[in-house]
Number of protein chains: 2
Amino acid sequence: MNILFKTFINYFSINQQLTEQTKAEICTHLSVLNLDKKHILIKENQYHDFAYFVIKGAVRSYYLKDGIEVNTWFAMENEMVGSLNNFKDKPSRETIELLENSTLIAINFKKIKPLMFTNIQIANFVNAIIEDYALFLEDKAFSSQMLSSMDRYVLLLDKEPKLFQRIPLTYIASYLGISRETLSRLRAK
Amino acid sequence: MNILFKTFINYFSINQQLTEQTKAEICTHLSVLNLDKKHILIKENQYHDFAYFVIKGAVRSYYLKDGIEVNTWFAMENEMVGSLNNFKDKPSRETIELLENSTLIAINFKKIKPLMFTNIQIANFVNAIIEDYALFLEDKAFSSQMLSSMDRYVLLLDKEPKLFQRIPLTYIASYLGISRETLSRLRAK
DNA sequence: TATTTCATTTGATATATGTCACAAAAATCA
DNA sequence: TGATTTTTGTGACATATATCAAATGAAATA
């Protein structure tokens with residue numbers, strides 16, 4: 001099996017042992033992509049059949065508010081990117097763009113989804129991915145409701161230091177929900 | 001089968017037909033509760049084995065920030081309440097309290113969870129609940145990042161008008177992330 | 001390397017919202 | 001019912017952050 005596929009599969013099968021057959025079945029719907037910076041993976045308001053797993057590189061997802069890009073997250077090594085809306089057969093809410101030349105695994109969930117009703121291992125595999133995402137969203141909601149701008153900045157710096165090495169502060173400010181000027185002033189302290 | 005159990009099960013099995021046997025298996029781990037206003041269902045920082053489905057009544061979930069309660073959501077008829085953290089064997093982040101005398105279904109997910117690895121229908125049933133929750137969280141993150149206080153208020157009023165009939169504005173303000181005075185002023189317009 | 005574009009910082013000002021204080025209204029309870 | 005508690009509304013003021021403007025610094029490109 002492709003070593004990169006293995007990385008992806010292992011990442012979301014800590015709770016259960018997958019048979020070789022199931023792994024092979026999942027792999028049928030995976031492919032490796034090497035894409036350049038600025039490539040658009042997923043477009044806002046469109047239907048897409050794929051989610052992605054970052055092997056190497058960085059991506060951001062954002063949507064437009066009154067013509068201004070609002071960044072919602074940055075994914076790097078060993079993180080999933082995609083739209084839950086797409087997974088539920090609805091148009092994507094966000095645009096997903098590469099911030100670096102990246103290696104990704106494309107996951108054809110349109111093909112994998114129906115297998116959830118026939119292969120119990122796949123059902124639990126997909127479930128692990130979605131649970132993971134829900135926990136991420138909970139954290140996000142928590143910090144946006146509970147914390148001041150300063151505290152959100154400090155928390156992000158603590159939990160995701162690599163963001164600050166690889167992602168422009170303008171994007172990070174937008175993610176934190178503050179203007180880039182305010183972020184700059186917070187950092188000065 | 002208990003008619004209330006049926007309501008709950010039907011609610012999360014639109015995507016698949018459950019066999020009578022599976023339904024019976026799920027029901028083994030359900031029970032109906034009638035509890036009074038102010039009862040605490042789940043306590044912050046504690047481990048709990050149950051999630052709940054509201055048949056009738058209203059609950060709120062909140063956590064403490066510097067001694068002040070920050071409301072994170074209000075559930076009413078046909079909504080789930082619980083802590084994803086508890087589901088993942090971690091202590092709850094929130095406290096969940098009844099706002100009205102309510103009828104609830106208690107779901108012993110500690111017992112149901114292992115069945116996900118042996119009963120594919122149950123795996124997909126639980127998955128439907130978690131997907132639902134993730135979509136709710138996405139909406140929440142979206143509106144908190146994209147919308148002004150005023151727009152969040154208008155959106156909530158439009159999508160959940162019954163909240164405003166049954167939940168004190170103080171709690172709603174806290175949920176919207178603004179002071180009760182500001183909400184009062186927004187409403188005056 | 002020089003030139004252009006993009007990212008970050010800093011200053012001045014405007015604005016939305018928080019905070020404190022108190023009054024009015026509504027709900028709850030004895 | 002009357003008394004007490006809770007909820008909501010309004011005013012005055014403080015403060016954090018947005019916005020606008022401009023300068024500096026860094027990175028990309030010819």
Side-chain angles (χ1 to χ4, degrees), chain A residues 35-40 57-60 62 64-71 74 97-102 143-157 161-189, chain B residues 35-40 57-60 62 64-71 74 97-102 143-157 161-189:
Chain A
L35 295 168
D36 287 344
K37 189 169 172 167
K38 295 198 175 168
H39 180 93
I40 304 287
V59 313
R60 68 171 177 135
Y62 67 90
L64 289 179
K65 179 200 178 156
D66 306 329
I68 290 166
E69 294 173 0
V70 179
N71 292 276
F74 313 99
E97 178 200 67
L98 300 203
L99 292 173
E100 301 173 358
N101 299 344
S102 307
S143 73
S144 86
Q145 205 171 16
M146 285 276 282
L147 306 177
S148 65
S149 308
M150 186 47 148
D151 290 345
R152 290 205 300 282
Y153 165 67
V154 170
L155 182 70
L156 192 66
L157 191 59
K162 57 188 172 160
L163 285 189
F164 293 85
Q165 286 139 34
R166 293 164 67 180
I167 315 269
L169 290 173
T170 314
Y171 293 165
I172 295 178
S174 147
Y175 169 73
L176 289 170
I178 56 180
S179 68
R180 65 207 159 76
E181 293 93 338
T182 300
L183 178 57
S184 175
R185 284 174 187 124
L186 290 179
R187 284 166 63 81
K189 297 186 192 169
Chain B
L35 295 168
D36 288 344
K37 189 171 172 164
K38 294 199 176 169
H39 180 93
I40 304 286
V59 313
R60 69 172 176 132
Y62 66 91
L64 289 179
K65 181 201 177 156
D66 306 329
I68 290 167
E69 294 172 0
V70 179
N71 291 276
F74 314 99
E97 179 200 64
L98 301 201
L99 292 173
E100 302 174 359
N101 298 344
S102 307
S143 74
S144 86
Q145 205 170 17
M146 284 277 282
L147 306 178
S148 65
S149 307
M150 187 46 148
D151 290 344
R152 290 205 301 282
Y153 165 67
V154 171
L155 181 71
L156 193 67
L157 191 60
K162 57 188 173 161
L163 284 190
F164 293 85
Q165 286 138 34
R166 294 163 67 180
I167 315 270
L169 290 173
T170 315
Y171 292 165
I172 295 178
S174 146
Y175 168 73
L176 289 170
I178 56 181
S179 69
R180 67 201 163 76
E181 292 93 336
T182 300
L183 178 57
S184 176
R185 285 173 187 125
L186 290 179
R187 283 165 63 81
K189 296 185 191 169

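Here is the naming used below: chain letters follow the sequence lines, and residue numbers restart at 1 for every chain.
Residue A:Q165 contributes atom CD, which lies 17 Å from atom C1' of D:dA26 at whole-angstrom precision. Note: CZ (A:R187) to C1' (C:dA7) measures 12 Å, nearest angstrom. Per the geometry, CD belonging to A:E69 stands 10 Å off P belonging to C:dA7, to the nearest Å. If you take CG of B:L99 and P of D:dT7, they are 10 Å apart, rounded to a whole angstrom. The CD1 atom of B:I172 sits 19 Å away from the P atom of D:dT6 (whole-angstrom rounding). Summarising the geometry, the separation between CG on B:L176 and C1' on D:dT8 is reported as 16 Å, rounded to the nearest angstrom.
Here the NZ atom belonging to A:K65 is positioned 6.0 Å from the OG atom belonging to B:S148, to the nearest 0.5 angstrom. Residue B:N71 holds its CG atom at 8.0 Å from CG of B:L99, rounded to the nearest 0.5 Å.
For A:A188, the side-chain atoms get nearest to C:dT10 when compared with the rest of D:dG9, C:dT8, C:dT10.
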What string of B, S and - do you get for nucleotides 16-30 of chain C, 5' to 3', if B is base contact, S is sugar-phosphate-only contact and - is no contact with any protein heavy atom under 4.0 Å?
-SSBB-------S--
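A parallel orientation is assigned to the rings of B:F74 and B:Y171, their planes being inclined by less than 30° (bins at 30° and 60°).
No side-chain donor-acceptor contact under 3.5 Å links A:Q145 to the backbone of B:G177.
For the pair A:T170 and C:dC6, the criterion of a side-chain N or O lying under 4.0 Å from OP1 or OP2 is not met.
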Using the rule given for side chain to side chain donor-acceptor pair (under 3.5 Å), can you reason through B:Y153 versus B:R187, listing the C-alpha separation, both sets of side-chain angles and the distance that settles it, and then say yes or no?
CA-CA 9 Å; B:Y153 165 67; B:R187 283 165 63 81; 3.2 Å; yes
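The environment of NZ in A:K37 is sparse: at most 12 heavy-atom neighbours from other residues, nucleotides or ligands sit within 6.0 Å.
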